[in-house]
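A short worksheet on the structure shown next.
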Amino acid sequence: MNYWIVKSEPFKYSWDHFVKEKRSVWDGVRNYQARNNLMAMKENDLVLFYHSNEGKEVVGLAKVVREHYPDPTTDDSRWVVVELEPVEKFPKTVPLARLKTDERFQNLSLIRQSRLSVLPIRPEEFDLIVGLAHD
DNA sequence: GCCAACGTTGGC
DNA sequence: GCCAACGTTGGC
């Protein structure tokens, strides 16, 4: 099992919208590195949902319910989507600022590669963040 | 609004 | 294949 973070601007696609839809086709990724991460996702992998720009915090947990297939929003065969479902809205959000102050997260992909919209995360980092979300 | 960090594009 | 110019993302 692998662990991931996806980022979304709440203005465009928020956690609440995700929950309302119950299932999301994660489309629109147009970056090779992010695409490669999508392609590495396996069914039932767990995915942290992060609000960028507004909020700047991890807000909930999702899981992969369908592995990658061609992005239906483009004819360009290079791009793929996965499908995600909400698992849990966190009782406490975990702000980026909180992660930045903690040396246990100094290698966190979210901090080191802040521009990438789909990021892998280490199991121990995943566990720590889920722990903070339930403090 | 600014800027850092990248990624992409195109001229050579 | 190199590199300058430009565009985008996202934190501050």
Side-chain angles (χ1 to χ4, degrees):
Chain A
M1 155 111 57
N2 288 307
Y3 301 93
W4 311 92
I5 300 180
V6 295
K7 301 199 295 191
S8 181
E9 294 183 49
F11 175 72
K12 291 181 183 158
Y13 190 85
S14 68
W15 170 263
D16 286 345
H17 189 185
F18 179 40
V19 169
K20 208 172 290 176
E21 283 191 333
K22 296 195 174 72
R23 187 180 180 107
S24 173
V25 178
W26 209 258
D27 60 24
V29 170
R30 297 290 181 268
N31 170 287
Y32 287 110
Q33 234 182 312
R35 189 276 315 261
N36 292 344
N37 290 332
L38 288 181
M39 289 175 64
M41 287 186 182
K42 297 296 182 193
E43 198 169 331
N44 293 317
D45 276 359
L46 293 173
V47 183
L48 295 169
F49 194 109
Y50 175 80
H51 277 166
S52 61
N53 261 315
E54 270 177 73
K56 282 169 268 179
E57 56 193 6
V58 181
V59 291
L61 182 63
K63 69 174 177 181
V64 178
V65 291
R66 186 172 170 192
E67 291 174 17
H68 70 91
Y69 60 93
D71 189 333
T73 66
T74 175
D75 290 333
D76 192 328
S77 61
R78 291 176 297 173
W79 308 118
V80 302
V81 299
V82 296
E83 292 184 13
L84 302 177
E85 275 182 13
V87 173
E88 185 202 11
K89 179 187 174 78
F90 286 145
K92 268 183 61 182
T93 61
V94 183
L96 179 65
R98 168 70 182 84
L99 299 174
K100 282 196 163 175
T101 61
D102 193 324
E103 64 179 17
R104 293 175 299 178
F105 295 115
Q106 60 178 334
N107 291 315
L108 189 68
S109 55
L110 182 68
I111 295 169
R112 306 200 111 198
Q113 276 189 285
S114 65
R115 296 186 345 131
L116 206 56
S117 61
V118 183
L119 297 153
I121 178 173
R122 296 188 177 92
E124 60 270 26
E125 293 166 338
F126 177 86
D127 288 343
L128 284 168
I129 292 173
V130 171
L132 291 173
H134 293 88
D135 250 355

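In what follows, chains carry the letters A, B, and so on, assigned in the order in which the sequence lines appear, proteins first and then strands, with residues in each chain numbered from 1. Since this is a predicted model, take the numbers as computed values, not measurements.
- Cluster annotation: F90(A) and V59(A) are assigned to distinct hydrophobic clusters (Ile/Leu/Val/Met/Phe/Trp/Tyr, side-chain heavy-atom contacts under 4.5 Å, transitive).
- When the side chains of ILVMFWY residues are joined at heavy-atom separations under 4.5 Å, either directly or via intervening members, V118(A) and L84(A) end up in a single hydrophobic cluster.
- Placement of Y3(A) and L48(A) within a single hydrophobic cluster is found when ILVMFWY residues are connected by side-chain heavy-atom separations under 4.5 Å, directly or transitively.
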Review item, side-chain donor-acceptor pairs of residues 128-135 of chain A, under 3.5 Å, at least two apart:
unit_1: H134(A); atom_1: ND1; unit_2: V130(A); atom_2: O; d: 2.7
unit_1: H134(A); atom_1: NE2; unit_2: E88(A); atom_2: OE1; d: 3.3
unit_1: H134(A); atom_1: NE2; unit_2: E88(A); atom_2: OE2; d: 2.7

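- From H68(A), atom NE2 reaches atom CE of M39(A) across 4.5 Å, with rounding to the nearest 0.5 Å.
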Does F49(A) form a ring-ring contact (aromatic ring centres under 6.0 Å, His included) with W4(A)? I'd like the steps, not just the answer. CA-CA 9 Å; F49(A) 194 109; W4(A) 311 92; over 10 Å; no
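- By the side-chain contact (heavy atoms from CB on, under 4.5 Å) test, R122(A) pairs with N107(A), E124(A), E125(A), sequence neighbours left out.
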Treating primed atoms plus P, OP1 and OP2 as sugar-phosphate and everything else as base, which nucleotides of nucleotides 3-9 of chain C get B, S or - for protein heavy atoms under 4.0 Å? ----BBB
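- Between K100(A) and dC12(C) there is a side-chain polar atom (N or O) within less than 4.0 angstrom of OP1 or OP2.
- Comparing the start and finish of the helix from dG1(B)-dC12(C) to dC12(B)-dG1(C), five pairs each, the helix axis swings through 10°, to the nearest 10 degrees.
- Rounded to the nearest 0.5 Å, atoms NZ (K7(A)) and CG (L116(A)) are 7.0 Å apart.
- Separating the CZ atom in F105(A) from the CD1 atom in I111(A) is a distance of 8.0 Å, to the nearest 0.5 Å.
- dG10(C) atom C1' lies 12 Å from atom CG of L119(A), rounded to whole Å.
- Taking atom OH of residue Y50(A) and atom C1' of nucleotide dG10(C), one finds them 8 Å apart after rounding to whole Å.
- Scanning for side-chain contact (heavy atoms from CB on, under 4.5 Å) contacts around K89(A) gives W15(A), D16(A), with sequence neighbours left out.
- Of all the residues in residues 72-83 of chain A, not one reaches under 4.0 Å from DNA chain C with any non-hydrogen atom.
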